[in-house]
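Comments concern the structure below.
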Amino acid sequence: MDAGLAAAVTALRTCADVAHLAHVLLQFRLAYVSRESLVVGCGKLVWDARAIAAHYARSVKGLSFDLFVILPIPQVIFWLVIPKLIREEQVKLIMTILLLMFIFQFLPKVYHCIHIMRKMQKVTGYIFGSIWWGFGLNLFAYFIASHIAGGCWYVLAIQRIASCLQEECKRNNSCDLISLACSKEICFHPPWSSNVNGFACDTNMTSFSQRNVSTCLSGKGSFAYGIYLGALPVISSNSLAVKILYPIFWGLMTLSTFGNDLAPTSNGIEVIFSIINVLSGLMLFTLLIGNIQVFLHAVLARKRKMQLRFRDMEWWMRRRQLPSRLRQRVRKYERERWAAVTGDEEMEMIKDLPEGLRRDIKRYLCLELVKQVPLFHGMDDLILDNICDRLRPLVFSSGEKVIREGDPVQRMVFILQGKLRSTQPLTKGVVATCMLGAGNFLGDELLSWCLRRPFVDRLPASSATFECVEAAQAFCLDAPDLRFITEHFRYKFANEKLKRTARYYSSNWRTWAAVNIQLAWRRYRARTSATDLAAMAAPPLAGGPDDGDRRLRHYAAMFMSLRPHDHLE
């Protein structure tokens with residue numbers, strides 16, 4: 001027995017047992033749902049410490065099973081049983097004990113881990129939140145199954161080699177049966193060394209003749225190894241990495257091919273082991289590989305959804321024979337919308353949730369965005385909650401007209417990202433332009449309409465055309481929702497501070513103010529200059545310096561007739 005490797009395995013096994021022991025101690029403080037309460041309700045948690053301990057002790061998968069899993073049976077077998085059996089030359093019995101220890105200790109521990117993960121999945125709905133974590137967990141489980149199959153194959157192969165050596169001894173009478181094991185029970189040498197010579201194991205050799213050993217380990221004799229023939233070079237190797245990795249590879253290959261390459265002999269244990277491998281391969285492929293396929297499908301589902309939507313849009317545009325210009329606009333909008341929302345319709349996902357839960361989710365998603373709008377600064381949480389609950393996200397592609405001049409204003413739009421351009425004609429050939437960015441809004445006519453008394457059912461008309469300069473994201477309040485908020489919280493909207501904030505950020509008021517400031521500046525320059533007032537009243541020459549002043553006054557007079565109106569005026 002390799003003492004260094006046995007010590008490493010013992011330490012790892014002890015660490016695993018300590019972790020399971022911590023889990024056992026936690027179960028004495030973990031509340032559970034009473035089964036009696038499930039009959040008349042949705043379940044009641046039991047918090048009493050004594051009741052929790054009694055329930056855990058009585059459970060089938062409770063205290064007794066957990067204590068059995070953490071019993072230090074492997075540690076006792078490694079250091080007390082195996083050295084004694086080596087001295088007694090019971091190699092086959094050693095392998096049988098290792099197999100039984102594996103069946104009654106390792107498999108229950110694996111089942112215990114699976115049971116814990118199932119309980120976690122029952123509570124949270126998933127084991128790991130990420131799809132790739134689930135993919136890795138199933139792949140790791142497949143490797144564990146391959147390690148189990150390969151380890152059993154390796155141990156059973158050692159038993160077959162021991163049987164071969166004993167038969168060779170009986171047939172040729174050339175060796176002593178007592179010398180089946182090494183002279184020392186425990187061998188100490190560094191685990192990274194591939195050669196035991198030169199250490200404490202240099203005289204720890206068997207007394208078999210080299211001819212008998214080479215006959216059994218080469219597989220060229222008359223002894224039938226069956227499925228264990230491939231283990232001969234692994235067992236004869238002194239490399240620890242080969243002894244660990246090659247059985248895993250054999251198990252992975254056997255389970256993946258459903259045992260197609262197995263050719264067992266008539267030995268009963270070998271046949272049963274082959275049957276178990278075939279059935280395990282079928283079951284694991286159905287469960288684990290099927291789960292991996294589901295995870296990969298989930299990863300690619302969003303991309304496939306986008307492709308299907310684009311294909312349907314292309315089919316519809318061809319059927320309706322849309323012109324190429326409109327097709328390009330549709331494709332551009334779909335690409336920008338998909339890049340913004342990544343295919344998830346958030347409002348559709350949460351619309352069927354309970355009202356309180358939906359409100360809390362929308363508050364979490366939209367509150368910080370709402371606070372970025374200067375119009376909503378200083379409002380209390382109740383108003384912000386109602387605004388968040390009624391917001392709708394919008395995406396605008398560049399070049400698209402959000403609203404045209406003269407159209408009824410159906411919603412108030414708050415810009416989060418991107419730029420919009422407001423154009424308002426003053427007179428023939430002259431247009432006032434204003435750029436809107438993050439934090440600005442449009443449709444402020446709707447706010448005045450909601451607060452106007454007496455109320456008028458007809459929606460107000462837009463005084464400007466708004467066009468998206470670059471891809472923009474925004475959220476909006478529809479006219480009924482905005483009216484609901486202003487009706488119930490009129491005390492907050494009908495004040496001087498809000499009116500001044502709305503005027504400052506309103507594109508209509510900004511355009512009107514810019515024209516009046518220009519007119520006032522021109523008037524000031526005219527008054528302070530030394531020009532004659534009578535000369536200003538006389539008709540100037542065409543193209544003279546006063547022609548611009550006259551036109552600006554003319555435009556200002558026209559524009560002042562369209563001066564924006566507040567609901568408080």
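Positions are given from 1, in the same order as the sequence printed here. A quick note: this is a predicted structure, and the numbers were derived from the prediction, not measured.
- Between L279 and I275, the closest side-chain pair of non-hydrogen atoms falls below 4.5 Å.
- In R50, the CZ atom is not crowded: 12 or fewer heavy atoms of neighbouring residues, nucleotides or ligands sit closer than 6.0 Å.
- Not counting sequence neighbours, S236 has no partner by the side chain to side chain donor-acceptor pair (under 3.5 Å) test.
- Counting heavy atoms from C-beta on, the side chains of Q473 and L394 never come closer than 4.5 Å.
- A salt bridge between D478 and R392 is present, with a side-chain N of the basic residue lying under 4.0 Å from a carboxylate O of the acidic one.
- The aromatic rings of F249 and Y246 sit tilted, their planes meeting at an angle between 30° and 60°.
- Remark: side-chain polar atoms of S280 are paired, donor with acceptor, to backbone N or O of I276 under 3.5 angstrom.
- Atom NE2 of H147 has 12 or fewer neighbouring heavy atoms from other residues, nucleotides or ligands inside a 6.0 Å radius.
- In this structure, Y142 and S256 approach most closely via the heavy-atom pair OH-OG, 3.2 Å.
- With respect to the salt-bridge test (charged N to carboxylate O, under 4.0 angstrom), the residues R160 and E270 qualify.
- Enclosure of atom CZ in F68 by more than 12 non-hydrogen atoms of other residues, nucleotides or ligands within 6.0 angstrom is indicated.
- In this structure, Y56 and F28 have perpendicular ring planes: the angle between them is above 60°, well past the 30° mark.
- The pair D17-K109 meets the salt-bridge criterion, since a charged nitrogen lies less than 4.0 angstrom from a carboxylate oxygen.
- At distances below 3.5 Å, at least one donor-acceptor pair connects side-chain atoms of N260 with backbone N or O atoms of T257.
- Proximity of D389 to R358: side-chain heavy atoms (C-beta onward) are separated by under 4.5 Å at one or more points.
- Salt bridge annotation for E314-R331: present, with a cationic side-chain nitrogen under 4.0 angstrom from a carboxylate oxygen.
- A distance-only check finds a donor-acceptor pair linking the side chain of N277 to the backbone of F273 [under 3.5 Å].
- Considering all non-hydrogen atoms of both residues, T10 and T14 come closest at O-OG1, 2.7 Å.
- Counting heavy atoms from C-beta outward, F310 and W315 have side chains that stay 4.5 Å or more apart.
- The main-chain N or O of L322 is found under 3.5 Å from a side-chain atom of R327 such that the two form a donor-acceptor pair.
- No donor-acceptor pair closer than 3.5 Å links the side chain of K92 to the backbone N or O of Q159.
- The neighbour count for I269 CD1, taken as heavy atoms of other residues, nucleotides or ligands under 6.0 Å away, does not exceed 12.
- Under a 3.5 Å cut-off, the side chain of W153 and the backbone N or O of I227 do form a donor-acceptor pair.
- Side-chain contact between I82 and I97 is absent, with no heavy atoms from C-beta onward closer than 4.5 Å.
- Between K371 and L367, the closest side-chain pair of non-hydrogen atoms falls below 4.5 Å.
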Practice item. Could you give me the CA-CA distance, side-chain angles and deciding distance for M313 and Y333, then say whether side chain to side chain contact (heavy atoms under 4.5 Å, CB included) is met? Key: CA-CA 12 Å; M313 291 297 297; Y333 170 76; over 6 Å; no
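- In terms of modelled atom types and a separation under 3.5 Å, the side chain of K362 and the main chain of L391 share a donor-acceptor contact.
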Check your understanding: Step by step, would you call W250 with S146 a side chain to side chain contact (heavy atoms under 4.5 Å, CB included)?
Key -> CA-CA 8 Å; W250 184 90; S146 304; over 6 Å; no
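- Of all the heavy atoms in A49 and R29, the pair that sits closest is CB-NH1, 3.6 Å.
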